[in-house]
Amino acid sequence: GTMKQFLVCMILAIWACREAWCGAVGSLALVVSFKKWCAQPPHDCTHIPQWNEVWLYDFNNLGSPCWGVITLHTGIGYTDGLGRNRYYMFGMTFGVSTLLSCTEDGTGYLRSKVLLGYSNHTVDEMDQVVDRLAGKKGEPCSYKNDPDDCFTPDNYDFSIWNCNYFTAWLSDELGLWQNYPQYIWDGRGIGKR
């Protein structure tokens, strides 16, 4: 129920910050949010990439009275030359998720979308690249072949191994890092494999 969701959110906010002042602010924000609890998360992404386009979607929910725990989120959308769509994101609950488009994400309000470039991968080939990053299907992680650097739920960290790292690494794997917005992530570690 609503109380259980509230308690989970409060615990996540305090854990995510790991600082006394941030935990207190997050808890206070959640108490205020609880009075105006929303049944559904905000959402407004309706964009579908054109053929061979790779897009970065930047969501936030700053200012929303309901969804104060997740404030920033990124995902990557792609449509291959056959018109098949994919949307990839990374989170702490499921690790890497593969959806059909950003319309299924629902993590926040779309703040911006950036065309990263173009790829000739089929969606099946793109899924394989993502599976390597996630360490799925027995694939070793493509980043240093180190299981600690796989994008798995166990390795998720709000501050040092999150959705922004995942989308940055995926853009680098696709050779599109040069168009990744620096205001989202400054590229620490990219290209140092």
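A quick note: this is a predicted structure, and the numbers were derived from the prediction, not measured.
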S.K.: Using only atom types and a distance under 3.5 Å, with no angle test, would you say the side chain of Trp161 pairs donor to acceptor with the backbone of Cys150?
M.R.: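 Side chain of Trp161 to backbone of Cys150, a donor-acceptor pair under 3.5 Å: yes, one is there.
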S.K.: To the nearest 0.5 angstrom, please state how far the SG atom of Cys163 sits from the CG atom of Leu170.
M.R.: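 Separation between the atoms: 12.5 Å.
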S.K.: Between atom CE of Met92 and atom CG of Asn155, what is the distance when rounded to the nearest 0.5 Å?
M.R.: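 If I round to the nearest 0.5 Å, the distance is 14.0 Å.
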S.K.: Establish, from distance only, whether the side-chain atoms of Glu53 and Trp51 form a donor-acceptor pair under 3.5 Å.
M.R.: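 No.
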S.K.: If hydrophobic clusters are built from ILVMFWY residues whose side chains come within less than 4.5 Å, do Ile76 and Ile48 share one?
M.R.: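 Per the 4.5 Å side-chain linkage, Ile76 and Ile48 are not co-clustered.
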S.K.: When you measure from the side chain of Glu104 to the backbone of Ser101, do you find a donor-acceptor pair of N or O atoms at a distance under 3.5 Å?
M.R.: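 Between the backbone of Ser101 and the side chain of Glu104 there is no qualifying donor-acceptor contact (under 3.5 Å).
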S.K.: Give a yes or no answer on whether the side chain of Asn52 reaches the backbone of Gly81 with a donor-acceptor pair at less than 3.5 Å.
M.R.: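 At least one qualifying donor-acceptor pair exists.
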S.K.: Within this structure, what is the CG-CG distance for the pair Leu174 and Asn179, rounded to the nearest 0.5 Å?
M.R.: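 Nearest 0.5 Å value for the CG-CG distance: 12.0 Å.
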S.K.: Measure up the Phe151 and Phe166 rings against each other and bin them: parallel (under 30°), tilted (30 to 60°), perpendicular (over 60°).
M.R.: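 Perpendicular.
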S.K.: Could you tell me which non-hydrogen atom of Thr152 sits nearest to which non-hydrogen atom of Ala134, and how far apart they are?
M.R.: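 Looks like CG2-O, 3.5 Å.
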S.K.: Do Leu115 and Tyr57 belong together in a cluster built from hydrophobic side chains that touch within less than 4.5 Å?
M.R.: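 Same cluster: Leu115 reaches Tyr57 through Ile, Leu, Val, Met, Phe, Trp or Tyr contacts under 4.5 Å.
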S.K.: Just so I know, are the side chains of Glu173 and Arg132 near enough to count as touching, which here means a heavy-atom distance under 4.5 Å?
M.R.: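 With C-beta onward as the side chain, the pair touches.
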S.K.: If you take all heavy atoms of Gly77 and Pro49, which pair is closest and at what distance?
M.R.: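 What the structure gives for the nearest pair is C-CG, 3.8 Å.
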S.K.: Show me the donor-acceptor pairs within less than 3.5 Å that the side chains of residues 82-91 make with the rest of the protein, sequence neighbours left out.
M.R.:
residue, atom, partner, partner atom, Å
Arg84, NE, Asp80, OD2, 3.0
Arg84, NH2, Asp80, OD2, 2.9
Asn85, OD1, Thr79, OG1, 2.5
Arg86, NE, Asp127, OD1, 3.2
Arg86, NE, Asp127, OD2, 3.3
Arg86, NH2, Asp127, OD2, 3.3
Tyr87, OH, Asp105, OD2, 2.5
Tyr88, OH, Asp127, OD1, 2.6

S.K.: To the nearest 0.5 Å, tell me how far Thr74 OG1 sits from Asn162 CG.
M.R.: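 Nearest 0.5 Å value for the OG1-CG distance: 7.5 Å.
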S.K.: Would you indicate whether the side-chain heavy atoms of Asp58 and Pro181 approach each other to under 4.5 Å?
M.R.: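 Pro181 does not reach Asp58 side chain to side chain.
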S.K.: Which heavy atom in His47 sits nearest to a heavy atom in Cys102, and how many Å separate them?
M.R.: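 Of all heavy-atom pairs spanning His47 and Cys102, the closest is O-SG, 3.5 Å.
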S.K.: Quick one: closest heavy-atom pair of Cys45 and Leu110, and the distance?
M.R.: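 It is SG-CD2, 4.1 Å.
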S.K.: If I compare all heavy atoms of Ser119 with all of Val54, which pair ends up nearest, and what's the gap?
M.R.: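 Taking Ser119 first and Val54 second, the nearest heavy atoms are CB-CG2, 4.0 Å.
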S.K.: Measuring from atom CD of Gln178 to atom CG of Leu176, what distance do you get when rounded to the nearest 0.5 angstrom?
M.R.: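 Interatomic distance, Gln178 CD to Leu176 CG, rounded to 0.5 Å: 6.0 Å.
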S.K.: Do you know which of Val114, Asp172, Asn164 makes side chain to side chain contact (heavy atoms under 4.5 Å, CB included) with Tyr180?
M.R.: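 Among the candidates, only Asn164 passes.
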S.K.: State, with a plain yes or no, whether a side-chain heavy atom of Arg111 is found less than 4.5 Å away from one of Phe59.
M.R.: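 Sidechains of Phe59 and Arg111: no contact.
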